[in-house]
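Below is one structure; the comments refer to it alone.
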Amino acid sequence: MVQVKDQGPAPRVLRYGPEAIAAAARLVARGIPVAVPTETVYGLAADATDARAVARIYEAKGRPQFNPLIVHVATIDQALALARFEPAAGQLAEQYWPGPLTLVLPLAEDSPIAALTTAGLPTVALRCSAHPAMRDLILASGRPLAAPSANPSGRVSPTRAEHVVAALGDRVALVIDGGPTLHGLESTIVAVADGEVRLLRPGPIDLGLAAGDLRGIEAPGQMSSHYAPAKPLRLEANIAQPDEWHIGFGAVRGDVSLSEAGDLVEAAARLFDLLHAAERSDRCAIAVAPIPESGLGIAINDRLRRAGAPRA
Ligand code: TXA
Ligand code: MG
């Protein structure tokens with residue numbers, strides 16, 4: 001039977017074990033995403049503190065938007081350095097971790113998580129997977145790992161290594177093969193704030209939250225809570241006005257540049273940091289150089305258009 005693949009040559013596939021973990025950790029250290037099984041679905045994992053590595057996840061998935069990514073930790077202790085745990089959150093972690101429950105919590109004050117990982121949000125989604133492959137890779141890397149499902153944007157989540165290979169092809173360097181996943185369904189996501197637990201995505205863990213709670217579901221990328229600078233933002237600006245702080249790209253220099261080399265991975269990695277810097281600047285408006293509408297540029301432009309859209 002002829003297998004039709006979306007992409008070019010197949011990636012390296014290694015059966016889960018010490019050799020696979022060591023090879024994957026070397027790639028993670030170089031900022032290269034790897035596919036790794038969890039008990040829910042396979043994830044495409046990279047160092048959550050390295051914006052460039054995270055930009056490569058979005059690039060591989062071909063996501064037209066920067067949705068915030070789930071950050072995977074190996075232990076509750078590791079999670080405590082990344083987010084603020086109010087008592088209700090601590091209880092959920094104690095009870096369900098490791099397991100298929102993701103907690104959306106306020107970022108800790110000096111959280112090392114890259115702004116691109118959370119798409120600029122002041123919250124972070126944390127998950128402690130029960131799969132030993134994900135746990136081993138986090139421990140071997142010594143880093144929290146950002147990992148969305150390892151599928152191209154708009155496609156179903158992979159529950160076998162073969163799914164990842166067929167869908168991502170050479171867009172992923174290494175797939176750790178842990179066989180079929182246990183649940184085959186993404187983790188339950190809840191947001192915890194002010195003693196209240198809200199269901200954002202139903203999943204394997206049923207917390208008994210009423211279906212009505214789902215009405216508030218925040219469609220990825222559409223969230224009203226998405227970070228937007230409090231200053232007017234103008235796009236496609238080759239030249240800035242005197243009252244504008246100019247974010248450049250490529251040949252357009254600006255006050256500061258997303259990427260002088262015109263590299264979209266670098267631009268994505270710097271985007272949220274520069275938007276925050278623009279907001280802190282002494283100028284009352286922001287102008288951004290034209291960004292090509294291709295590859296990661298599509299997600300960058302989407303984010304910039306949202307940031308520049310008039311507020312309701
Ligand atoms: O089972 C899973 O959760 C898998 C495995 C790989 O861990 N991961 C996964 O990630 O499904 P992903 O990126 O496909 O879905 C993450 C969801 C997105 O819908 C995103 O909007 C939401 O989590 N999310 C992440 N951070 C968030 C935040 N700070 N606030 C609200 N939603 C958030
Ligand atoms: Mg997904």
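In listed order, ligands and their atoms are each counted from 1. Note that these values count all heavy atoms, side chains included, but never hydrogens, waters or copies made by symmetry.
No side-chain donor-acceptor contact under 3.5 Å links T181 and T159. Between the side chains of T75 and D77, no donor-acceptor pair of N or O atoms lies under 3.5 Å. A side-chain N or O of Y16 and one of D136 form a donor-acceptor pair less than 3.5 Å apart. A side-chain donor-acceptor contact under 3.5 Å links T38 and R127.
The atoms of ligand 1 that sit less than 4.0 Å from any heavy atom of A125 are 25 (C), 26 (N), 27 (C). Close approach of ligand 1 to E186 (heavy-atom distance below 4.0 Å) involves ligand atoms 1 (O), 11 (O). Near S187, meaning under 4.0 Å from any of its heavy atoms, are these atoms of ligand 1: 1 (O), 2 (C), 3 (O). Proximity to G43 (heavy-atom distance under 4.0 Å) selects the following atoms of ligand 1: 6 (C). Taking a cut-off of under 4.0 Å to the non-hydrogen atoms of R63, the atoms of ligand 1 that pass are 13 (O), 14 (O).
Using a cutoff of 4.0 Å between basic side-chain nitrogens and carboxylate oxygens, R15 and D177 are scored as salt-bridged. The pair R234-E244 counts as a salt bridge, with a side-chain nitrogen and a carboxylate oxygen less than 4.0 angstrom apart. Taking 4.0 Å as the cut-off between side-chain N and carboxylate O, D50 and R143 do not count as a salt-bridged pair.
Between atom 18 (C) of ligand 1 and the options P106, P68, P122, the minimum heavy-atom separation is to P68. The nearest non-hydrogen atom to atom 30 (N) of ligand 1, considering only L69, V104, L126, comes from V104.
In this structure, Y96 has no side-chain hydrogen bond (donor to acceptor under 3.5 Å, both in side chains) partners at least two apart in sequence or on a different chain.
Considering backbone and side-chain atoms alike, T102 places every N or O at 3.5 Å or more from each N or O of ligand 1. Polar contact check, Y42 against ligand 1: no nitrogen or oxygen pair lies under 3.5 Å apart. For ligand 1, one of its N or O atoms has an N or O atom of R201 under 3.5 Å away.
In S149, the parts holding a heavy atom less than 4.0 Å from any atom of ligand 1 are both the side chain and the backbone. Of all the heavy atoms of I189, the ones lying under 4.0 Å from any atom of ligand 1 belong exclusively to the side chain. At a heavy-atom distance under 4.0 Å, atoms from both the backbone and the side chain of T123 approach ligand 1.
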Verify side-chain hydrogen bond (donor to acceptor under 3.5 Å, both in side chains) between S129 and E39, making sure each step is shown before the conclusion. CA-CA 7 Å; S129 169; E39 75 277 49; 2.6 Å; yes
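Not close to ligand 1: E39, with no non-hydrogen atom less than 4.0 angstrom away. Within the structure, ligand 1 has H72 among the residues with a heavy atom less than 4.0 angstrom away. Heavy atoms of H183 stay at 4.0 angstrom or farther from ligand 1.
Distance check for S157 against the Mg ion (ligand 2): none of its N/O/S atoms falls below 2.8 Å.
Rounding to the nearest 0.5 Å gives a distance of 8.5 Å between CG of L105 and OG1 of T123.
S257 places a side-chain N or O within donor-acceptor distance of the main-chain N or O of S259, the cut-off being under 3.5 Å.
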